[in-house]
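Inspection log for the structure reproduced underneath, given as structure tokens.
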Amino acid sequence: MARLIRSDIRHISDAANNEDSFRVLRGRVSVLKITLDARFMSYLELAGFASVALIRSSDLRFDLLSALVERWRPETHTFHFPCGECTVTLEDVALQLGLPIDGSPVTGVSSFTDPAAVCYQLLGESPEDGDKYFSGIKFTWLKAKICGLSATATEGELMCAARAYIMHMIGAVLMPDANGDSVHLSYLPLLADFSFARSYSWGSAVLATLYRELCRATEPQVKDIGGCLILLQSWALYRMSFLAHVSHQPYLYPLPLR
């Protein structure tokens, strides 16, 4: 890797060659280990999140992920191995997660004049009634919203719970921050209409976030990594099948199991 990295860029591969210790990155993934309510499965299907909603495991091997980071070249967004270059592609995102990879970019307003009103409209209630300028929704609040769904819930309540479920997936699994415990409110307006939400290229946003986090994690002083680590590990186990056998317990990702 030293021959590939520009001399003015600090890269973890160089630090690893000069140190006895191996840096193992940390990461935060909060998979909802609860039974998915079948009543709002149709809304997840309509929005394009039905496949990724089936993920029930976050059994991450951070030693494997850290080793992959050491082989990541930020300039080309590729891993460099003795056999050549490779990378996670949009095709991998579609196969591994089942997310839409065509359509409009995931973008929009990042600040709101009245965030509570947005939450009341799309989630049925606001997590921060006393704060007029909050920008994130905590995972604990979203989980309580999902689990608190009554047996006699109306269609409107089901739609609000489905949006809460998708928001939790976005912030905790698909595009998590390395140290965060909340998801940014900017994604919520994109889920107002479930059928229109499917027109966004969520897969592209997930892949771009992963690329950005891989680039950031190559800096020697960084100790954590965000992005869709489930995608990265599942990709590695599927594309380099010999890795799938190095485990004390079976992985729960569909493609590596094949």
Side-chain angles (χ1 to χ4, degrees), residues 1-31 52 55 57-93 96-97 99 101 106 136 139 169-184 187 202-240 243-244 246-247 251 253 256:
M1 289 296 294
R3 293 182 290 107
L4 300 172
I5 305 300
R6 285 174 18 207
S7 59
D8 60 326
I9 296 179
R10 297 186 65 207
H11 194 280
I12 186 58
S13 61
D14 183 61
N17 290 334
N18 299 323
E19 296 179 4
D20 295 330
S21 59
F22 173 62
R23 181 195 69 170
V24 178
L25 294 164
R26 300 189 301 264
R28 181 189 294 269
V29 178
S30 303
V31 175
V52 73
I55 294 177
S57 170
S58 57
D59 176 26
L60 294 174
R61 292 290 303 270
F62 283 99
D63 50 354
L64 168 61
L65 300 177
S66 301
L68 289 172
V69 170
E70 291 187 2
R71 288 287 178 174
W72 181 257
R73 186 182 181 189
E75 290 178 287
T76 58
H77 289 165
T78 54
F79 296 103
H80 282 255
F81 297 107
C83 59
E85 297 180 59
C86 61
T87 193
V88 187
T89 66
L90 281 176
E91 179 187 39
D92 293 307
V93 178
Q96 300 279 353
L97 302 178
L99 289 172
I101 59 174
V106 176
F139 299 145
M169 282 194 294
I170 291 173
V173 178
L174 299 177
M175 292 182 276
D177 182 86
N179 299 302
D181 60 353
S182 62
V183 56
H184 200 281
Y187 298 110
W202 293 100
S204 298
V206 169
L207 187 61
T209 302
L210 179 61
Y211 279 6
R212 182 184 63 196
E213 286 295 315
L214 284 168
C215 292
R216 187 182 66 85
T218 60
E219 300 175 11
Q221 73 277 10
V222 172
K223 298 181 180 180
D224 50 42
I225 183 172
C228 191
L229 302 179
I230 288 178
L231 167 64
L232 179 58
Q233 179 164 293
S234 184
W235 168 83
L237 297 175
Y238 181 59
R239 297 298 184 183
M240 294 172 277
L243 291 173
V246 186
S247 174
Y251 290 100
Y253 308 124

Closest non-hydrogen atom pair between [X] and [Y], with its separation:
{"X": "T89", "Y": "L207", "result": "C-CD2, 3.8 Å"}
{"X": "Y211", "Y": "V88", "result": "OH-O, 2.5 Å"}
{"X": "C228", "Y": "P176", "result": "N-CD, 4.2 Å"}

The test is side chain to side chain contact (heavy atoms under 4.5 Å, CB included); show your working for R23 and V69 and say whether it passes. CA-CA 10 Å; R23 181 195 69 170; V69 170; 3.6 Å; yes
Within a strict 4.5 Å, meaning less than it, do heavy atoms of the [X] and [Y] side chains meet?
{"X": "K223", "Y": "R26", "result": "yes"}
{"X": "M240", "Y": "L68", "result": "yes"}
{"X": "V206", "Y": "I170", "result": "no"}
{"X": "D92", "Y": "L97", "result": "no"}
{"X": "E219", "Y": "I12", "result": "no"}
{"X": "P74", "Y": "H11", "result": "yes"}

Nearest 0.5 Å, please: how far is [atom2] in [Y] from [atom1] in [X]?
{"X": "Y238", "Y": "Q96", "atom1": "OH", "atom2": "CD", "value": "7.5 Å"}
{"X": "E70", "Y": "T218", "atom1": "CD", "atom2": "OG1", "value": "11.0 Å"}
{"X": "E213", "Y": "L25", "atom1": "CD", "atom2": "CG", "value": "10.5 Å"}
{"X": "I101", "Y": "S204", "atom1": "CD1", "atom2": "OG", "value": "7.0 Å"}
{"X": "W72", "Y": "L214", "atom1": "CH2", "atom2": "CG", "value": "5.0 Å"}
{"X": "R71", "Y": "S66", "atom1": "CZ", "atom2": "OG", "value": "14.5 Å"}

Check for a donor-acceptor pair, side chain of T209 on one end and backbone N or O of G227 on the other, with a separation under 3.5 Å. no
Set out, in order, the CA-CA distance, both residues' side-chain angles and the distance that settles side chain to side chain contact (heavy atoms under 4.5 Å, CB included) for E85 and R73, then state yes or no. CA-CA 10 Å; E85 297 180 59; R73 186 182 181 189; 5.8 Å; no
Could you tell me whether D224 and R216 make a salt bridge, using a distance below 4.0 angstrom between a side-chain N and a carboxylate O? yes
In a check of side-chain contact (heavy atoms from CB on, under 4.5 Å) between Q233 and each of L237, L229, I230, which one passes? L237
Please state whether the rings of F79 and W235 are parallel, tilted or perpendicular, taking 30° and 60° as the class boundaries. parallel
Parallel, tilted or perpendicular, judged at 30° and 60°: which one describes the rings of Y187 and W202? tilted
